[in-house]
Amino acid sequence: MTDDDQRRNMALFSMGIVMKLTDLTARQIRYYEQQGLVNPARTVGNQRTFSFNDVERLLEIKKWIEKGINIAGIKQMINPTAHTAEQQSDEAIALISLSETTLPEKLSRKQMHQLLKQELLEQRHGSKASMIQGQLSRFFKK
DNA sequence: TTTCTAACA
DNA sequence: TGTTAGTA
């Protein structure tokens with residue numbers, strides 16, 4: 001746990017602040033919490049307090065919702081599964097197939113599978129941002 | 001005033 | 001998801 005990690009996990013923002021930061025309604029934020037997508041801390045008075053990480057996650061969730069991905073799909077994107085890169089790749093493709101018509105015709109299923117696997121492997125070797133939130137978004141309708 | 005939970009003319 | 005009720 002680095003010093004920076006601790007800063008990112010400090011619960012500093014109130015519901016009102018997060019609503020403005022993410023442009024989401026309180027209802028939506030609470031619902032996403034119920035679905036296990038975010039876990040904001042609580043004050044003694046049971047008020048939610050969000051960390052910078054929570055806000056970032058909510059922004060990612062918002063982006064995926066706008067892309068047409070359902071809660072179930074987002075859960076798979078977020079929850080660090082103990083699956084192999086191969087399995088994760090298959091899961092990602094399964095999600096994408098839900099919006100088949102938005103896939104670029106030139107990119108074959110095989111090519112995509114290879115690309116996804118490659119990026120998943122890179123991610124495993126501790127590169128940088130998750131391929132799922134970065135590269136994968138290119139394949140969805142804009 | 002703000003946020004929380006629960007519930008639905 | 002919106003929205004309202006009754007609280008803390």
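All of these numbers come straight from a predicted model, not from anything done at the bench. Order of the sequence lines sets the chain letters (A, B, ...), proteins ahead of strands, with each chain counted from 1.
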Going by heavy atoms in the side chains, are A:Ile71 and A:Tyr31 under 4.5 Å from each other?
-> yes
Give the rounded distance in Å between these two atoms: OH of A:Tyr31 and C1' of C:dT3.
-> 17 Å
Could you state the atom-to-atom distance from OH of A:Tyr32 to C1' of C:dT1 in whole Å?
-> 9 Å
Atom CD1 in A:Ile65, atom CD1 in A:Ile74: separation rounded to 0.5 Å?
-> 3.5 Å
Rounding to 0.5 Å, atoms CZ (A:Arg57) and CE (A:Met77) come to a distance of 12.5 Å
So, is A:Ser14 close to the B:dT2 phosphate, meaning a side-chain N or O under 4.0 Å from OP1 or OP2?
-> no
If you measure from CE on A:Met10 to CG on A:Asn53, what distance do you get to the nearest 0.5 Å?
-> 10.5 Å
Between P of B:dC4 and CD of A:Gln34, the distance in whole Å = 12 Å
Just how far, in rounded Å, is P of B:dT2 from CZ of A:Phe50?
-> 16 Å
Mind checking A:Gly16 for me? I need base, sugar-phosphate or nothing, with any heavy atom below 4.0 Å counting as a touch.
-> sugar-phosphate
Separation between OH of A:Tyr32 and NZ of A:Lys62, rounded to the nearest 0.5 Å = 9.5 Å
Rounded interatomic separation in angstrom, taking CD from A:Gln28 and C1' from B:dC4 | 17 Å
Separation of B:dC4 atom P from A:Arg30 atom CZ, nearest Å, is 5 Å
Secondary-structure string, 5' to 3', Watson-Crick or G-U under 3.5 Å, | for another-strand partners, for DNA chain C = .|||||.|
Whole-Å distance separating the CZ atom of A:Arg48 from the C1' atom of B:dT2 = 13 Å
Has the side chain of A:Arg27 got a donor or acceptor atom sitting under 3.5 Å from an opposite partner on the base of C:dT3?
-> yes
Is A:Arg7 salt-bridged to A:Asp4, cutoff N-O under 4.0 Å?
-> yes
In whole angstroms, the gap separating P of B:dT2 from CD1 of A:Ile17 amounts to 11 Å
